[in-house]
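Excluded from the calculations below are hydrogen atoms, water molecules and symmetry mates; all remaining heavy atoms, backbone and side chain alike, are included.
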Amino acid sequence: MAANYWASSQRLHWQMSREKLAEIRYNLDTQDEKSVQAYPLPNYRQLSIFFNTQLVRLGRRMTARQQALATAQLYVRRFYTKVPIRDTNPFLVMATCLYLALKMEECPQHIRIVVSEARTCWPEVMPSYTEKLAECEFYVISELNSYLIVHHPYRTLQELTPVLYLTTEDNNTSWQVINDACITDLPLIYPPHIIALTAIFLSVFLKPSLSQNGLHSATNSVATTVAAASSAVGGSTGNGSTVSTLTANGLGPQSRVGKLIEWYAESKVDMEAIIDCTQEIVSLYEVWESFGMGAEKTCKEQLCRMIKQRGIS
């Protein structure tokens, strides 16, 4: 195991640009255009939300830790950069990735328990015998080239909590933002510390909106606050309009947030990356707001239809 992220397989083999990721997915779709046309699926962001909902549902039945769930989500995301989704049973893949993640995060569950609980969640499409999940496990490990160690942003958050004097509320909100970031492509694009700093950025700078509207409903005030804060971090000291905007949002230079701005500036954090991550997470929340029970049901029906008509087990 590489204790240093920069020397890890995650950094060397599973970090890519957004353009490269889009190219990989495009190439996967063009491998079998007839299947893409015959079995239309929701867009990738909606599928990601659906996969997250199903994994969390399965994980709760097995009292899985959040870090194991995050690892499973990343395994699913990595796997589907190698294999077209229409060639697989996504429900079996999700169960397999969680089973594998539980072992890698040192909180293993017996394969019979995983299959039984997965059958309870998805009785229509989940195989009932353990051999199928064991077979899928080897398939997943092979496609991931046995690079299974995952570095998560949670560790950076824990290390920075005392350094940045984060409150319990700040920490909890940041933790939830990191959980939500696992539903996006950010873990494939940016290092864990950038995602952690983005979570802190969102939880502290958007706290008034978050406390009033809830985490997924705070998108309206993001643009103004992020622009003002990033301008301040970028070195706009003495800029009256920036200070006024921050103060108007309850983020005056004398506040604890003002000190956080100074820390971001002094640490020379890549603010462009943080802003890109912020926009990605906010875009996720916008889609999530409209992703109700009807959309979840549609996703499941389309996937189940694809599995049954293609004879995938």
Side-chain angles (χ1 to χ4, degrees), residues 14 16 18-59 69-70 72-101 118-119 121-127 132-133 135-136 139-140 142-144 179-189 216 280-313:
W14 286 109
M16 63 193 78
R18 197 180 294 276
E19 293 74 21
K20 179 64 175 178
L21 184 57
E23 179 185 351
I24 288 172
R25 287 177 177 158
Y26 174 79
N27 290 337
L28 287 175
D29 284 343
T30 55
Q31 284 181 15
D32 190 355
E33 294 183 352
K34 290 183 178 179
S35 294
V36 172
Q37 294 175 358
Y39 306 103
L41 296 175
N43 64 55
Y44 207 81
R45 184 160 284 166
Q46 290 176 322
L47 278 176
S48 296
I49 294 172
F50 176 76
F51 289 160
N52 170 71
T53 303
Q54 301 305 307
L55 275 170
V56 168
R57 182 183 173 195
L58 178 59
L69 283 172
Q73 287 174 320
L74 187 52
Y75 286 168
V76 172
R77 194 166 292 275
R78 289 179 178 181
F79 181 75
Y80 283 127
T81 65
K82 296 286 189 176
V83 179
I85 189 171
R86 291 170 179 82
D87 290 350
T88 68
N89 178 343
F91 299 95
L92 176 59
V93 170
M94 284 189 283
T96 303
C97 287
L98 181 56
Y99 173 63
L100 186 57
R119 282 279 298 170
C121 291
W122 316 303
E124 312 95 329
V125 288
M126 183 66 196
K132 199 66 182 178
L133 192 142
E135 178 185 329
C136 188
Y139 183 25
V140 170
S142 174
E143 291 298 336
L144 299 187
N179 293 348
D180 296 341
C182 295
I183 311 172
T184 70
D185 291 328
L186 295 180
L188 294 175
I189 299 172
H216 296 171
E280 179 72 16
I281 292 171
V282 170
S283 297
L284 168 71
Y285 291 159
E286 290 174 345
V287 175
W288 210 337
E289 279 297 300
S290 61
F291 190 86
M293 293 297 294
E296 182 178 342
K297 182 180 178 182
T298 299
C299 279
K300 186 173 182 179
E301 288 175 348
Q302 289 178 318
L303 289 171
C304 289
R305 171 179 168 269
M306 176 195 75
I307 293 166
K308 291 177 180 178
Q309 292 190 1
R310 301 207 73 184
I312 302 171
S313 59

Look up atom CD1 in Ile189 and atom CE in Met16, then write down how far apart they are to the nearest 0.5 Å.
8.5 Å
Would you indicate whether the side-chain heavy atoms of Cys304 and Phe91 approach each other to under 4.5 Å?
yes
Rounded distance (nearest 0.5 Å) linking atom NZ of Lys82 with atom CD1 of Ile24:
7.0 Å
Less than 4.5 Å apart, any side-chain heavy atom of Asn52 and any of Trp288?
yes
Note, Gln54 side chain near Arg57 side chain (heavy atom, < 4.5 Å)
yes
Measure across Cys299 and Gln46 and return the closest heavy-atom pair with its distance rounded to 0.1 Å.
SG-O, 4.4 Å
Nearest heavy-atom pair of Arg77 and Thr184: which atoms, and what distance?
NE-O, 3.1 Å
Any residue meeting side-chain contact (heavy atoms from CB on, under 4.5 Å) with Arg119, in chain and number order, not counting sequence neighbours:
Val115, Met126, Ser128
How far does CD1 of Ile183 sit from CD1 of Ile281, to the nearest 0.5 angstrom?
10.0 Å
Does a side-chain heavy-atom distance below 4.5 Å link Leu74 with Trp14?
no
Any Arg310 side-chain heavy atom under 4.5 Å of Asp87 side chain:
yes
Of the non-hydrogen atoms in Pro90 and Met306, which two are nearest, and what is the gap between them?
CD-CE, 4.1 Å
Determine yes or no for a side-chain-to-main-chain donor-acceptor pair under 3.5 angstrom, with Arg45 supplying the side chain and Val287 the backbone.
no
Using modelled atom types only, decide if a donor and an acceptor are shared between the side chain of Arg86 and the backbone of Pro40 within a distance under 3.5 Å.
no
Residues Arg18, Glu280: salt bridge by 4.0 Å N-O rule:
yes
Looking only at non-hydrogen atoms, find the nearest pair between Leu55 and Leu69 and report the distance.
O-CD2, 3.4 Å
Quick one: do Glu23 and Lys20 satisfy side chain to side chain contact (heavy atoms under 4.5 Å, CB included)? Show the steps, please.
CA-CA 5 Å; Glu23 179 185 351; Lys20 179 64 175 178; 4.1 Å; yes
Interatomic distance, SG@Cys136 vs CD@Glu143, rounded to 0.5 Å, equals 10.5 Å
Side chains of Leu47 and Ile85, heavy atoms from C-beta outward: is any pair under 4.5 Å?
yes
Shortest non-hydrogen contact from Leu92 to Leu133?
CD1-CA, 4.0 Å
If we only count heavy atoms from C-beta on, is the Phe50 to Glu296 side-chain gap below 4.5 Å?
yes
Return the OH to CG distance between Tyr99 and Leu58, rounded to the nearest 0.5 Å.
13.5 Å
Measure the CD1-OH distance between Ile49 and Tyr44 for me, rounded to the nearest 0.5 Å.
12.5 Å
For Ala72 versus Ala101, what's the shortest heavy-atom pair and its separation?
N-CB, 3.6 Å
Aromatic ring pairing Phe51/Tyr80, orientation class (parallel under 30°, perpendicular over 60°, tilted between)
parallel
Donor-acceptor contact below 3.5 Å, side chain Asn89 vs main chain Val125:
yes
Does one side chain, of Tyr75 or Thr96, offer a donor that lies under 3.5 Å from an acceptor on the other?
no
side-chain contact (heavy atoms from CB on, under 4.5 Å) against Lys297, all qualifying residues, sequence neighbours excluded:
Glu301
